[in-house]
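Data block below; observations after.
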Amino acid sequence: QVQLVESGGGSVQDGGSLRLSCAPSGYTYNIPNMAWFRRAPGNQREGVASIDSDGKSIYADSVKGRFTISKDNAKNTLYLQMDRLKPEDTAMYYCAASRSRYYGDYALQGFAYAYWGQGTQVTVSS
């Protein structure tokens, strides 16, 4: 089992920045893919960004050029740097981990991930 705990959410103004963190614990070996998802009220869950164990990343079109996913292997922590935030980025953000390797758009699909955190709220006001 893998437990995921997110932190770093909060409220910012339009154009502001936040950095989310995700700290895995438990049996954390063999996790080739980790990702960030989000769900806004009334919307479906959306894959935001994913990174594999080789450091390759993929982003949703809506966040390309504004968000950066990274992983600190020494600290075993996943990050999501969010810059130039917009009100439409307001959502609950979830960290996810998979013991299977996925490529391309599959890495942004929820079915690819077996482990999920509880989420951290991000609110962007205009």
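Position 1 is the first residue of the sequence; numbering continues from there. None of the values given here were measured: they were computed from a predicted structure. Values reported hereafter were calculated over all heavy atoms of this structure, with side chains retained and with hydrogens, waters and symmetry mates removed.
- With hydrogens and angles disregarded, a donor-acceptor distance shorter than 3.5 Å links the side chain of Glu6 to the backbone of Gln118.
- Looking at every heavy atom in both residues, Ile58 comes nearest to Ala107 through CG2-CB, 4.1 Å.
- Note that Arg38 lies outside the cation-pi zone of Tyr93, set by a 6.0 Å cut-off to the ring centre and a 45° limit from the axis.
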Item to check | Step-by-step side-chain contact (heavy atoms from CB on, under 4.5 Å) determination, Tyr115 to Gln1 | outcome: CA-CA 8 Å; Tyr115 305 103; Gln1 287 289 333; 3.7 Å; yes
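- Atom CG of Asp105 sits in a sparse spot, with 12 or fewer heavy atoms from other residues, nucleotides or ligands closer than 6.0 Å.
- From Ser17, atom OG reaches atom CD of Gln81 across 6.0 Å, with rounding to the nearest 0.5 Å.
- Between the CG atom in Leu4 and the OH atom in Tyr94 there is a gap of 13.0 Å [rounded to 0.5 Å].
- The backbone N or O of Ala40 lies less than 3.5 Å from no partner atom in the side chain of Asn43, so there is not a single donor-acceptor pair.
- Checking side-chain atoms of Thr90 against main-chain N and O of Glu88 turns up no donor-acceptor pair under 3.5 Å.
- Listed here is the closest heavy atom pair of Val122 and Gly9: CG2-CA, 4.2 Å.
- Atom-to-atom distance recorded for Asn30:CG and Ser53:OG is 8.5 Å, nearest 0.5 angstrom.
- A heavy-atom distance below 4.5 Å is found between the side chains of Ile31 and Arg99.
- Here the shortest heavy-atom pairing between Ala97 and Tyr113 reads C-CD2, 3.5 Å.
- To the nearest 0.5 Å, atom NZ of residue Lys71 and atom OG1 of residue Thr77 are 11.0 Å apart.
- With values rounded to the nearest 0.5 angstrom, Phe67 atom CZ is found 9.0 Å from Leu18 atom CG.
- When the side chains of ILVMFWY residues are joined at heavy-atom separations under 4.5 Å, either directly or via intervening members, Met92 and Val63 end up in two distinct hydrophobic clusters.
- A donor atom on one side chain and an acceptor atom on the other are not found under 3.5 Å apart for Ser126 and Gln13.
- In the hydrophobic clustering (ILVMFWY side chains linked at under 4.5 Å, chained through shared members), Phe111 is joined by Tyr102, Tyr106.
- For Ser98 (side chain) and Ala112 (main-chain N/O), a donor-acceptor pair under 3.5 Å exists by modelled atom type.
- When atom types are taken as modelled, the side chain of Ser50 and the backbone of Met34 share a donor-acceptor pair closer than 3.5 angstrom.
- Distance OG/Ser7 to OH/Tyr79: 9.0 Å, rounded to 0.5 Å.
- Listed by chain and residue number, Trp36, Ala49, Ile51, Ser57, Tyr59, Leu78, Leu80 satisfy the side-chain contact (heavy atoms from CB on, under 4.5 Å) test with Ile69 (two or more places apart in sequence, or in another chain).
- Using a cutoff of 4.0 Å between basic side-chain nitrogens and carboxylate oxygens, Arg84 and Asp14 are not scored as salt-bridged.
- When every heavy atom of Leu108 is checked against every heavy atom of Val48, the shortest pair comes out as CD2-C, 4.0 Å.
- At a threshold of 4.5 Å between non-hydrogen side-chain atoms, the residues Glu46 and Phe37 do not count as touching.
- In summary, Asp61 and Lys64 engage in a salt bridge, as defined by a charged side-chain N under 4.0 Å from a carboxylate O.
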Next on the checklist: For a side-chain contact (heavy atoms from CB on, under 4.5 Å) check, start with the C-alpha distance between Asp54 and Arg101, then their side-chain angles and the critical distance, and finish with the verdict.
Outcome noted: CA-CA 11 Å; Asp54 294 327; Arg101 182 180 292 274; 3.7 Å; yes
